[in-house]
Structure formats: C-alpha cells, structure tokens
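Down below is the structure, laid out as structure tokens.
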Protein chains: 2
Amino acid sequence: MADKLTMKDLAQRAGVSEATVSRALADSPRVKLATRTRIQRLAQELGYSPNQLARSIRVQRTQTIGMIIPNILNPFFTSLIRAIEDAAKAQHYDVVIVNTDEQPDAERDAIQLLQGKRVDGLLIASTDPNQDYDRLLGATPTVFVDRAPNGPITYDRLLVDNVAGTQRVIANLITRGARRIGIINSSASATATERLQGYRQALLNHGLPVDPDIIVSARKDNGNVQQMTRQLLQNQKCDALFAADNTILLEVLHKLPELTLSTYFISGFDDNDWLNFVSPAITTAKQPIQEIGVAALNRLLARIANHHLLPTEKRFQPGLVVR
Amino acid sequence: MADKLTMKDLAQRAGVSEATVSRALADSPRVKLATRTRIQRLAQELGYSPNQLARSIRVQRTQTIGMIIPNILNPFFTSLIRAIEDAAKAQHYDVVIVNTDEQPDAERDAIQLLQGKRVDGLLIASTDPNQDYDRLLGATPTVFVDRAPNGPITYDRLLVDNVAGTQRVIANLITRGARRIGIINSSASATATERLQGYRQALLNHGLPVDPDIIVSARKDNGNVQQMTRQLLQNQKCDALFAADNTILLEVLHKLPELTLSTYFISGFDDNDWLNFVSPAITTAKQPIQEIGVAALNRLLARIANHHLLPTEKRFQPGLVVR
DNA sequence: CTGTTAGCGCCTTCAC
DNA sequence: GTGAAGGCGCTAACAG
C-alpha cells in the first residue's frame, strides 16, 4: 500500500495547503470554484485515491458493515449476500463478507477481524447458537439474520419461521399419502432445532406417531448422510424423507440410485432453480431471502444511528414450492 | 466505531506508557514478562480490540487482499472464493470480496473502493475485458484469475484453457453422434470468446461446417436465452446444444420441457453437483478451481513481495465430466 | 526494561 | 477563501 499519492503531494503540486485540498475534494463551497475544480482535475489526472483508513480513523466511521455467514457455498447465503449488498449500496455502505465454514472458532475470529477493521455494524448468521456473543460483541451494533443465538432476545433478529415452514412441507407429504416420514436434520444450529420441532408438530397434528428411529441428525462435514439415507429408506422403513437443508438433500440424491425403491417422496428446505429439473420431484419450503436481507440491513442501520433501540425479533413466513 | 478502548486507556489503567502496551500486545521480549502478561490479561478482560485501521496506516500494510468477482451467485466463483480464502488464511492474509454483478461500472467502483481501503493486492476475475485497467490499477499489485483483459500480458493471469476445454466437450458430442451443434454463448468476456473459438476448432477438426445461424450470444441479464433455445432446437434445427456457462444452462433446462424433442444432447461448461441428478444427462468441462485459486493467491503474494516480477500467463486444463 | 517523541494521511476547528 | 495546528490510534526510532 506504499507509493501512493497523499493530500500533501496534491497540495504541493497545486500550490495550496492540505486543508484546501481536503475541502476541494469534499466539494465544499467554502473554496473558490476555480481552485476547487483545478484541484479536482489534478487529483483525477494523477489518479489520486484517498486513504480511507486515515479518513475513517479521523471521522470515527468506516461506512462499512461486516457480514458473517456460516457457508458461502450454500446458495441460500450467497443470495442473502446479494440482497444485503444491494440494499447497502443504495445507502452508501460497503459490505465485507467473512465465511466461517460452520466453525465456531472461525466465527470468533471473524468477529474480532471485523471489529479490528472497525466496521460500523455487524450482520451475523450464527454458526454456533451457544457462542458467547455478549462478551465477543461488546457494544458493536449487531443484527442476527436467519440464525440467531439461543436464549433471550438481546440482539435484533430477523428469522424465518422454520417451524411453520417445515410443518407445511411435512403436511404436504402427508396429504399426498406419506405415512412414515424420516428426517435428516442438519447441525446443531437453532434452525435445525426449529425444523425438527415443525416436523414433530406436523406429525402430531395429523395423528401420526413420532418415531425416534427415523429422526437422525448429521453433522454435514461428516460424510455419513448417504448411510443414513440408506438406513431410512431401505426395506420400506420410510415412505418419505425430509432433508433439512440443501447440502443434505444433495447427499440424499447421491444415494437414491443405489436403492431400489417403489413409491416414496423426498422434500427439503431452501429452494433452488435446479430443483426444477431433478427427479424425483422435490417439494421445498422457500425463504423470502430478498425481504429478509433488506429488513436486516435497515434494522442494522437504524441501530447504528441509535444504539438504544430495543432488540426485537421478526419472523418471515416461508412459501411452499410443491413439485 | 466510537466508544472503543484505545492503547492510551490501557496504558493509563496499567500505569505504563502507550509504547509499553504496544510492545506487550505484540508479545515483544523487550518488555518484562510480568508486565507483559499483566497487560495482556488486562486487554483480554476489558475486551480491547486493536484498531487495525490505525495500525495499517502506521505500518503501511493492511495484510488484506481484495478480490473482485463478476457474479457471486455463480457457484464457480463461490468455490473460487473458498479456495482463495483458505489459502490466504494460511498465509495470514484476509480477503475482502466485492461483487460486480457483471457490470463494468461496478467493477471500476470496486477497484477504487479496495484501493481506498489500501488492500495490499488485488485478485480480479475481469468483468469487462476492455476495461482500462492500466489507468485504474496504477501500481497496485494485481493478478487476474479466470478472466483476463484483452491485449498483451501486462498483468499476471491464471486462466483455464477454455479453448481446449470446449473442444473436448464438443468433440464428445460429435463422437456420440451429434452433427449439428448449436452454441449459446455468454457475455462479451474473454472467456466467451475463447469458448467460441474452441467450439469452432472442434467442428473444423471433425470436418463439420460452422454455421453462423446456430451460433448465438446472450447477455445473461437479458431474458432471451429461452427463446434462443427454442429457435435452435425446434424442428430438428440442431441435434445438440452447448450452453457456455451455468446460468445459460439453467435457462436452457427451463425451456426444454416445452419442446418435444426426440434425440438430442445438451452440454455445458462448469460442473455442479446437481448436474448428477438432472435429465437429460449433461456433459461438462470441469475447472480445477482449487488449484487455480491457490496458484493465484501465491502469485499475488509473490508480486506483493516483489513488484518487479515479469507478468506471466498460466493456463490450467479443465477436465471432462461425461454424462 | 521502559518512556518520549514523531509521524502515518486525513479532517476540522480556529484564526486571518 | 485559505492556512496553521492539532489529533484520531498506532508503531518505531531513539534515549536512558
């Protein structure tokens, strides 16, 4: 980052003081129009790039928000990133993304990294619902998106109604004739807990038994989802399977061809364009990503403007994509 | 970013000078072990977070590299991000991502943004091969990945051999009996030009005619890929179709069900897990993303260490995934 | 082993 | 309409 022009350089070449350059570049009416444009042109020609680090340290503001997500390979999160970036750009904020790869340690590092860069606020899709956020975050304005920590609402949270969403998916399976529905749930996130709850609820509502034998949970990095798929679907043990997220769903699909099955249903959470083209047809719950992203960003900006807002929780209703 | 502890605060509470705090936190052996640990503990307890902006401005280094990509919704680029982040972390560098959404203006803004943040170097997957990078980049150490600007090699570039990759895909189609192969190419990127060239080459190699009527190019944001698909496949105009990237491929798949076709082949560039589950079976060229990312990062770090390296180009060979 | 001093690049009073 | 001076938080050279 060396050999860069500074305001001092510009001031010398223009024969004015640094202060004047600073004002000119800020287009302040306090400097004569002639010199103002002269300096601006000079800066342009010489390819001057203001040092935002220095500026930020002076004005105590970076105009940047940090975003921490568990898995950048998950299309749900990339869509969320897009939505938030767009909303931020419109408000003249930049966004810097950090990926935790579902690892609590990496999430801690991410928080410290972004605090070190003095972002004005943080958007977090929690990797570990039991993380000690109070200690880590201190007074940093923070909004949780999609995945919030356990416990009382001490931060703003904009979430999807996972319980209701899963209920709808499962209810749909039942309506279509499924009676023994297995579930492969994801990691220990709050999302997972809620989806399991929705699953239970739906079975109870329809007077079906909840059988622990067909409820399994997979740490995604652990390569055993395919094995679980076999155990659940073989020998007519289940006639339907709910994969709690995209990653799991793909693993399930990998295993299917080996198993010779007659009638069965597969469903999941999080919709994807490619789901339109795979067989068997897969029904999913689809989250209003755009909406969530925009709302989260706006909430964060509001909180940055006023640290004393009361933390609130907002739930968004997912839709059902029947296939 | 206000109300944060500074070294001055720590110095006061510890009854030492700022300099000592600075040294203690850097774990310098020049400060007595007792005071060192005392200060470190204090910092820990109070949740002190060093201001990296101030540090960077002082040491003239951010330990951060910027990465500019055209489309974060494209899984190819998210995989590339992952590869580069991992490699960077291992070398104690942070990565900040900016997405251009395939818009040259946004790419210009991105370069300026990252220069303003004084990143130590830039990794760019070019959005516009005719962008005036020389002017924009100045002396910023830069390596192009996957998509490079047109013209002579004035920057390092780590690319995929798109010509060879496409040739292989097309040759595979021909081997399997295709005789009239249409192509829907992507935007005006260098990648697109090369894939078209590979397509032509493959046809010529097999003594097949190159018919301009079945070569079309789609700006992806423009919603006409489906129409092109119909035009190319209807009435047996073509017996195979090559979609030059993922986005285009998805559009093609959307259109297929409407068209009642007998035998035909679809193929594409960039492999995805879900391609294993769609019908028709789709053969693709698969890029060695991991390898490219690591190589690009290493090259950039080498260049940061020594600005006077001669720019070089390296091509990676894509594999063929036959389905 | 520790403190003093200076300065990184910028913005913002306060003067004139 | 412009300049001089100070300070944001940090590190590094120089003293002692």
Which of these nucleotides, C/dC10, C/dG3, C/dG9, is closest to any side-chain atom of A/I57? C/dG9

Validation: residues 40-47 of chain A side-chain donor-acceptor distances under 3.5 Å, sequence neighbours left out:
residue, atom, partner, partner atom, Å
A/Q40, NE2, A/A24, O, 3.0
A/Q40, NE2, A/D27, OD1, 2.8

Return the value, rounded to whole Å, for the distance between atom CZ of A/R38 and atom C1' of D/dT2. 12 Å

From CD1 of A/I39 over to C1' of D/dG3, roughly how many Å is that when rounded to an integer? 12 Å

Less than 4.0 angstrom between a side-chain N/O of A/T20 and OP1 or OP2 of D/dG3, yes or no? yes

Applying salt bridge (Lys or Arg N to Asp or Glu O under 4.0 Å), can you list everything that pairs with A/D86, at least two apart in sequence or on another chain? A/R82

Nucleotide C/dG7, atom C1' - distance to CZ of B/R55 in whole Å: 16 Å

Indicate whether the side chain of A/R118 and that of B/S49 have a donor and an acceptor atom separated by less than 3.5 Å. yes

For B/F77, check ring pair (Phe, Tyr, Trp, His ring centres under 6.0 Å) against everything at least two apart and list the hits. none

Please tell me which of the listed nucleotides, C/dG3, C/dG9, D/dC8, lies nearest to the side chain of A/N51? C/dG9

Tell me every residue that passes side-chain contact (heavy atoms from CB on, under 4.5 Å) with B/T64, counting only those two or more places apart in sequence or in another chain. A/K117, B/T62, B/D94, B/V96, B/V119

Are any of B/T6's side-chain N or O atoms less than 4.0 Å away from OP1 or OP2 of D/dC8? no

For A/R118 and A/T35, find the nucleotide of DNA chain D closest to each by heavy atoms; which residue's nucleotide sits nearer the 5' end? A/T35

Are there over 12 heavy-atom neighbours, none belonging to B/R315, within less than 6.0 Å of that residue's CZ? yes

For A/L25 and C/dG9, give me the distance from atom CG to atom C1', rounded to whole Å. 13 Å

Ignoring backbone atoms, test whether B/Y48 places a side-chain nitrogen or oxygen under 4.0 Å from the OP1 or OP2 oxygen of D/dC10. yes

Counting side-chain heavy atoms from CB outward, which of D/dT2, C/dT4, D/dC10 is closest to B/S17? C/dT4

B/E18 CD - D/dG7 C1' separation (whole Å): 12 Å

How close or far is atom P of C/dC10 from atom CD of A/Q52, stated in whole angstroms? 9 Å

From C-beta outward on A/K32, which listed nucleotide comes closest to its side chain: C/dC8, C/dT2, D/dT2? D/dT2

Review item, nucleotides 13-16 of chain D N/O atoms under 3.5 Å of protein N/O:
residue, atom, partner, partner atom, Å
D/dA13, N6, B/R23, NH2, 3.0

Give the rounded distance in Å between these two atoms: CE of A/M7 and C1' of C/dG7. 17 Å

Between D/dC10 atom C1' and B/Q60 atom CD, what is the distance in whole Å? 12 Å

Ring pair (Phe, Tyr, Trp, His ring centres under 6.0 Å) with A/Y155: which residues, sequence neighbours excluded? A/F144

First encountered from the 5' end of DNA chain C, between B/V59 and B/L33: B/L33

